[in-house]
Protein chains: 2
Amino acid sequence: MKEKEIILAARKRFAYYGFSKVTMDEIAADIGMAKASLYYYFPTKVDLFIAVVTEEQDQFIEKINRILQAKTSATDKLQQYVSERLGHFETFINLAKLSFQAIQELKPLFADLHKNFSEREHELLAGIIRDGMNNGEFKPGEPEKTATLILHVLHGLRIRRYAFIKDFHFDDTLHQQIRDEMLQVLDMLLDGLRAD
Amino acid sequence: MKEKEIILAARKRFAYYGFSKVTMDEIAADIGMAKASLYYYFPTKVDLFIAVVTEEQDQFIEKINRILQAKTSATDKLQQYVSERLGHFETFINLAKLSFQAIQELKPLFADLHKNFSEREHELLAGIIRDGMNNGEFKPGEPEKTATLILHVLHGLRIRRYAFIKDFHFDDTLHQQIRDEMLQVLDMLLDGLRAD
DNA sequence: TTTCGACTATTAAAGTAAATGCGTCGAATA
DNA sequence: TATTCGACGCATTTACTTTAATAGTCGAAA
């Protein structure tokens, strides 16, 4: 399948050089095509990038769905979600390699992409929390609202560290620090949620 | 006192135009001095800016100390802190009017300023939490660590919204939204802290 | 000690030209 | 008909130069 091949080649280049530095000529040359042929499959460079990111998101959502099927506590599920989500965040940053400002400026182009993903993510999280409330692990409440707050807190914890990063890559130490902190905060939040 | 007069004039200009756009000539002219005379009192433009920000910080810390003296619950104190802290954050953003990137680049110049303020703030918060633990309002634990986590969560919640702001000013609606969300998150966090 | 006019060094902004890269199109090919 | 691509247009970016603005300095005056 040509599209898959293009996406793979693009992914490789984006992951190494970032969105801006990679040219369509390079991607084409990597798979023995002419640049113009890429446009037969993807109308713009951004569309190609979106296709790459969408694949990542789909894989992430699949992974979380597998976590959902497991017979573990809601707390376990949330902890696993936190870890996986951080990895996914780092992957996106690595692919784009854009400054915070540049991402905001490109945001309109990605609007649907982000909206869809956020909604799916919110549903998944609300589902975990609702199950926890239904099976007595958590106190009764509003799972949707709780999910929103948790998502915003986690997002803030990522952003506040990412914003200080200069060269767009996460080393293991930083990854560990952010993950640990997120798990600690999740623990505090869940302390208030757990049924007595 | 000449220094106070200069700081006041500078504050006015910074608050309206932001750090970068204000010239030392303008500040001097506003109070009928020559620019060279400003350098008699403040060695650099950044030092003048730091003096302005330090005044804001001192006033904020004083306000929080007053809150500390009140005979209210630790929860009340934390809620008031959250509100005041957001106002203080907005004041700084308004004074600087720098993009997120520009702030990071200037950060080394402000290193001591931020370090001092962060430490003072952390002490105050840990103090509130320690009192809450000592008087039985909160479960026993590590007040310092809890304070750190709360500060990071609140910082993240501010940053994730501030980063999307284009023109460096907060309208009342946005202020209200961020404040409400912070108070809700604080409530969740305190649910887990409160003694049963 | 305080003030400031005149000055220097540096930075920012503006202008210009060349290069680059996205995207297009008609023709060729399978 | 579907796919490929060479050549091209055009907008943007980059590189370089020039000009203007601004932070900071210094010696002299008050």
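Numbers restart at 1 for each chain; the letters A, B, ... are given by sequence-line order, proteins then strands.
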Checklist entry - To the nearest 0.5 Å, what is the distance between CD (Gln80(A)) and CG (Leu183(A))? => result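 The distance works out to 10.5 Å.
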Send over the distance from [X] [atom1] to [N] [atom2], rounded to a whole Å.
X        : N       : atom1 : atom2 : answer
Leu48(A) : dC22(C) : CG    : P     : 11 Å
Glu26(B) : dT22(D) : CD    : P     : 7 Å
Tyr40(A) : dA2(D)  : OH    : P     : 6 Å
Asp25(B) : dC7(C)  : CG    : P     : 16 Å
Ile27(B) : dA21(D) : CD1   : P     : 19 Å

Next on the checklist: Please enumerate all residues that pass salt bridge (charged side-chain N to carboxylate O under 4.0 Å, His left out) together with Arg179(B), with sequence neighbours excluded.
Outcome noted: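 Arg179(B) satisfies salt bridge (charged side-chain N to carboxylate O under 4.0 Å, His left out) with no other residue.
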Next on the checklist: Taking salt bridge (charged side-chain N to carboxylate O under 4.0 Å, His left out) as the definition, give me every residue that meets it alongside Lys145(B), ordered by chain and number, with sequence neighbours left out.
Outcome noted: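 Partners of Lys145(B) under the salt bridge (charged side-chain N to carboxylate O under 4.0 Å, His left out) test: none.
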Next on the checklist: Strictly by salt bridge (charged side-chain N to carboxylate O under 4.0 Å, His left out), give each pair with a member in residues 69-82 of chain B just once, sequence neighbours left out.
Outcome noted: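 Pairs touching residues 69-82 of chain B that pass the test: none.
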Next on the checklist: By the salt bridge (charged side-chain N to carboxylate O under 4.0 Å, His left out) test, which pairs, at least two apart or in different chains, include something from residues 42-52 of chain A?
Outcome noted: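 Every pair satisfying salt bridge (charged side-chain N to carboxylate O under 4.0 Å, His left out) with a residue in residues 42-52 of chain A: there are none.
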Item to check | Side-chain touch Arg11(B)/Thr91(B), heavy atoms, less than 4.5 angstrom | outcome: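 Yes, their side chains come closer than 4.5 Å.
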Item to check | Non-hydrogen side-chain atoms of Arg161(A) and Met182(A) separated by less than 4.5 Å | outcome: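 Not touching, per the 4.5 Å side-chain cut-off.
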Can you see if the side chain of [X] gets near the phosphate of [N] - specifically, an N or O under 4.0 Å from OP1 or OP2?
X        : N      : result
Lys2(A)  : dT4(D) : yes
Ser37(B) : dC4(C) : yes
Tyr41(A) : dT4(D) : yes

Next on the checklist: Given dT4(D), dA23(D), dG21(C), identify the nucleotide with an atom nearest to the side chain of Thr23(B).
Outcome noted: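 Minimum distance to the Thr23(B) side chain belongs to dA23(D).
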Checklist entry - What residues in residues 12-22 of chain B put a non-hydrogen atom under 4.0 Å from any atom of DNA chain D? => result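 Heavy-atom contacts with DNA chain D come from Val22(B).
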Item to check | Sidechain N-carboxylate O distance under 4.0 Å for Glu55(A), Lys4(A) | outcome: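 Salt bridge present between Glu55(A) and Lys4(A).
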Checklist entry - With the threshold set at 4.0 Å, does a side-chain nitrogen-carboxylate oxygen contact exist between Arg130(A) and Glu144(A)? => result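 So Arg130(A) pairs with Glu144(A) through a salt bridge.
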Close N or O pairs between protein and nucleotides 23-25 of chain C (under 3.5 Å):
unit_1	atom_1	unit_2	atom_2	d
dG23(C)	OP2	Tyr39(A)	OH	3.2
dG23(C)	OP2	Lys45(A)	N	2.8
dG23(C)	N7	Lys35(A)	NZ	3.1
dG23(C)	O6	Lys35(A)	NZ	3.0

